[in-house]
Amino acid sequence: MSASGVLNDLLIRWQDQRKGGGAPSPAELCADHPALASELARRIAAFESMERMLGVGPDPTPDAPAADPRAVPAHLADRLRPLGYEVVELIDHGGMGVVYKANQIDLRRTVALKMIAGLRVGPKQLMRFRLEAEAVARLQHPNVVQIYDVGEVDGHWYFSMEYVAGGTLAHRLANGPLPPATAAAWLELLARAVHYAHTRGIVHRDLKPANVLLGVESHQVEGHKAEGGGAPATDLTTLRLEDVRPKITDFGLAKRLGADTDHTATGEVIGTPAYMAPEQALGRTAELGPACDVYALGAVLYEALTGRAPFRGNTVLETLRQVISDDPAEPRRVNPAVPRDLEAVCLKCLEKNPARRYATAEALADDLRRAQQGRPVTARPVSVLNRAGRWVRRHPAWTAAAALVALACTVTGALVVRERMRGAAVEAGRADVAHATARAVEVAPQAREILHRHCFACHGGDRTEGDLVILDRASLLHPKRPVVLLGDPDHSELITRIHDGTMPPEEDDDWLPRVSEPELAILKDWILGGAPEFPPDDPKRPTPPVVPRSELADQVRAIFEGTHCKDCHKKEDAKKGFPLLNHTMLLTTRRLVIPGAPERSRLYEVLVAPVDDTRVKPMPPKEYDRLSADQIATIRRWIEAGAPPFPHKKK
């Protein structure tokens with residue numbers, strides 16, 4: 001390790017011991033490196049000087065009464081006031097910067113004021129601090145924290161930026177994973193912001209949950225901390241998705257594409273180990289382009305879905321080794337609630353080979369959009385044999401050793417070894433196949449009930465259209481036009497037509513409602529496990545529907561059909577509305593209804609909003625009669641009951 005690297009490690013050790021109440025001397029810290037003692041002492045003195053100026057760090061008098069940790073030192077406030085800033089409180093401080101909440105007096109707005117400070121302050125770190133300001137100043141995007149001003153006070157650089165009131169994604173994930181739909185929606189926004197940065201020649205290189213801030217409307221959250229990682233004072237999970245806007249921050253390690261230098265040396269490992277791409281972990285700085293950000297977005301998505309990073313060793317070196325050599329645990333093994341499509345998207349981002357990842361962050365965003373809309377994604381699951389082959393390619397030494405052992409054996413012994421290896425690979429996937437097959441047999445009666453209820457009217461009995469008989473397995477698998485592909489629900493026409501809205505046809509939407517998400521999951525499981533034969537129907541013991549008929553849902557349907565709501569929301573293009581009776585669109589695509597939570601549901605909010613409300617657009621518009629109090633109360637009860645699907649109506 002270089003002398004600079006050793007000094008950085010010693011400084012971190014000094015800070016850790018100081019936080020624990022110790023006071024190690026430079027000579028004690030440099031027992032194994034005595035030649036560095038004087039330089040270490042100089043850097044410690046410089047750091048303590050900056051802490052005193054910025055008003056951070058431990059209290060030098062242990063017996064003194066504890067001060068407010070967020071208080072602003074008077075001398076710092078005096079220095080910044082002539083520059084137009086009134087410092088309010090300390091938000092956070094770390095190795096590179098100190099962040100304050102401040103008021104920009106002339107423009108009457110709240111800002112976050114970031115000042116250079118920390119353990120690793122030197123020419124390179126000052127350059128990175130300036131690079132962050134320059135990089136973000138080039139980016140004007142709603143999902144990137146905005147830079148307002150750059151300046152200097154008493155020789156210390158600062159910049160002011162957008163104040164984001166919702167804390168970090170890291171603090172949110174400390175409470176557990178996000179709902180998969182929310183994770184997909186937020187990561188789509190972040191991926192589009194990253195793609196925007198890439199098109200303007202900026203690669204972030206340090207994307208992670210701690211560098212994602214959760215913006216909220218000021219009237220929604222009061223007292224939140226902002227840039228720098230402060231924990232929010234209000235539970236963000238109580239806010240609607242549309243009230244939270246994730247924003248990327250901390251471009252301190254950003255690289256400008258096409259620049260002559262990026263201020264990092266070849267072989268230098270930059271970034272955060274748990275979220276860095278393998279090429280970053282190997283120190284191949286010349287290879288770090290947009291693909292490393294795509295990988296990091298996948299790592300953030302992984303943690304958002306599972307509640308943990310894809311790799312986390314006991315030491316930094318162990319984490320780096322895992323990033324370089326190991327495959328992450330499949331998200332569904334960590335959290336079975338993760339949809340298969342989102343798992344495939346996530347693992348495609350985390351490919352070791354950059355060429356196997358999404359070509360652009362925009363392509364990732366588009367696949368995340370498909371996943372949210374229930375459409376097939378481009379990412380494909382990695383088979384067990386492919387994973388085994390990749391392991392072999394990443395561990396040539398082990399493979400070579402196995403080859404030498406095989407050469408030392410007799411021909412018969414070699415064949416036995418080969419067959420055992422092949423058998424081990426097959427056995428590794430056998431449990432998954434057996435589980436999928438058993439699940440398909442289990443849900444076959446429910447799959448039959450779903451298809452009979454939704455599709456038999458058009459594709460059964462004497463009313464068959466074309467060659468398709470919906471309850472005949474041979475017809476579903478017809479070689480000329482199969483609508484079911486065994487083991488592949490995402491490419492089966494039966495599923496894709498339900499996804500794209502052509503089955504049932506839109507003109508029959510009034511009396512043939514859309515297949516609900518729970519029903520769609522049943523059909524996918526049935527196909528994934530080989531689409532076994534449907535059991536014979538027993539009139540004496542009929543299979544109950546997956547989603548029981550709801551009288552409340554029937555009443556809500558009657559309200560929507562019997563009022564002006566239907567005029568604007570019968571067709572997708574009618575007055576820029578959407579099919580109001582499309583249950584999937586209400587709950588999944590548009591997320592206007594959050595089951596069990598009417599106050600957080602946009603649909604309920606616009607129904608109860610006053611006609612003159614400027615914050616939201618009331619529904620129906622003021623030129624139409626509003627819904628009655630009883631009608632709104634019925635819709636509220638329907639949402640509280642979980643927003644069950646709208647039942648069939650006689651044709």
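The basis for the numbers below is simple: all heavy atoms, side chains too, and nothing from hydrogens, waters or symmetry mates.
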Q: Carefully, step by step, assess L178 and L173 under the rule side-chain contact (heavy atoms from CB on, under 4.5 Å).
A: CA-CA 7 Å; L178 297 173; L173 295 180; 3.9 Å; yes

Q: With the side chain counted from C-beta on, respond yes when T168 and P209 share a heavy-atom pair under 4.5 Å apart, and no when they do not.
A: no

Q: Indicate the ring-plane relationship of Y158 and Y85, choosing parallel, tilted or perpendicular according to the 30° and 60° boundaries.
A: perpendicular

Q) Is it true that a side-chain atom of R332 and a backbone atom of V338 form a donor plus acceptor pair closer than 3.5 Å? A) yes

Q: Give, for atom CD of Q104 and atom CG of L83, the distance between the pair rounded to the nearest 0.5 Å.
A: 11.0 Å

Q: State, yes or no, whether a side-chain contact exists between P246 and L187 at a heavy-atom distance under 4.5 Å.
A: no

Q.
Strictly distance-based, threshold 3.5 Å: is any side-chain N or O of N335 a donor or acceptor partner for the main-chain N or O of L305?
A. yes

Q. Name the one of H198, R205, R357 that satisfies side chain to side chain donor-acceptor pair (under 3.5 Å) with D293?
A. H198

**Q.** Closest non-hydrogen atom pair between C292 and Q280, with its separation
**A.** CB-OE1, 3.8 Å

Q. Can any side-chain N or O of N211 pair as donor or acceptor with the backbone N or O of D206 at less than 3.5 Å?
A. yes

Q. Would you call E318-R321 a salt bridge at under 4.0 Å N-O?
A. yes

Q. Side chains of L368 and L301: closer than 4.5 Å at any heavy-atom pair?
A. yes

Q.
Given 3.5 Å as the limit, does a donor-acceptor pair link the side chain of N103 with the main chain of I105, or not?
A. no

Q. Any side-chain heavy atom of L364 sitting closer than 4.5 Å to one from C349?
A. yes

Q: Decide yes or no on side-chain contact (heavy atoms from CB on, under 4.5 Å) for Y295 and E279, but give the supporting numbers first.
A: CA-CA 10 Å; Y295 181 98; E279 58 269 29; 5.7 Å; no

**Q.** N/O donor-acceptor pair under 3.5 Å between H204 side chain and D250 backbone
**A.** yes

Q.
Apply salt bridge (Lys or Arg N to Asp or Glu O under 4.0 Å) to residues E343 and R340 and explain how you reach the verdict.
A. CA-CA 5 Å; E343 177 180 78; R340 287 187 174 86; over 6 Å; no

Q | Derivation of the side-chain contact (heavy atoms from CB on, under 4.5 Å) call for V300 and E303 | A | CA-CA 5 Å; V300 175; E303 185 164 350; 6.0 Å; no

**Q.** Taking every non-hydrogen atom, the tightest pair across L350 and A299
**A.** CD2-N, 3.6 Å

Q: Please answer whether the main-chain N or O of F311 pairs with a side-chain N or O of Q322 as donor and acceptor at a distance below 3.5 Å.
A: no

Q: Give, for atom CG of N314 and atom OG1 of T319, the distance between the pair rounded to the nearest 0.5 Å.
A: 8.0 Å

Q: Spell out, as yes or no, whether a donor-acceptor pair under 3.5 Å connects the side chain of D367 to the backbone of A379.
A: yes

Q | Closest non-hydrogen atom pair between L297 and A191, with its separation | A | CD1-CA, 3.8 Å

Q: Report yes or no: does E28 contribute a side-chain atom to a donor-acceptor pair with the main-chain N or O of S25 at less than 3.5 Å?
A: yes

Q) When rounded to the nearest 0.5 angstrom, what is the spacing between CG in L342 and CG in L347? A) 10.5 Å

Q | Heavy-atom pair with the smallest gap, counting every atom of G289 and V203 | A | O-CG1, 3.5 Å

Q | Minimum-distance pair of heavy atoms, taken over all atoms of R172 and P179 | A | NH2-CD, 4.3 Å

Q.
Test side-chain contact (heavy atoms from CB on, under 4.5 Å) on Q146 and Q140; report intermediate values, then the result.
A. CA-CA 7 Å; Q146 300 298 292; Q140 300 294 319; 2.7 Å; yes

Q | Distance (rounded to the nearest 0.5 Å) between L190 CG and K247 NZ | A | 11.0 Å

**Q.** Backbone N/O of A102 and side chain of Y163: donor-acceptor pair under 3.5 Å
**A.** no

Q. How close do A193 and V144 get, heavy atom to heavy atom, and via which atoms?
A. CB-CG2, 4.1 Å

**Q.** Donor-acceptor pair, side chain of K208 and main chain of A296, under 3.5 angstrom
**A.** no

Q) Any side-chain heavy-atom pair from D327 and K352 closer than 4.5 angstrom? A) yes

**Q.** Salt bridge flag under 4.0 Å for residues E162 and R245
**A.** no

Q) Out of curiosity, M161 CE to L213 CG, how far, rounded to the nearest 0.5 Å? A) 8.5 Å

**Q.** Pairwise side-chain contact, Y358 with D366, heavy-atom cut-off 4.5 Å (strictly under)
**A.** no

Q | Modelled atom types, side-chain donor and acceptor of Y196 and R192, under 3.5 Å | A | no

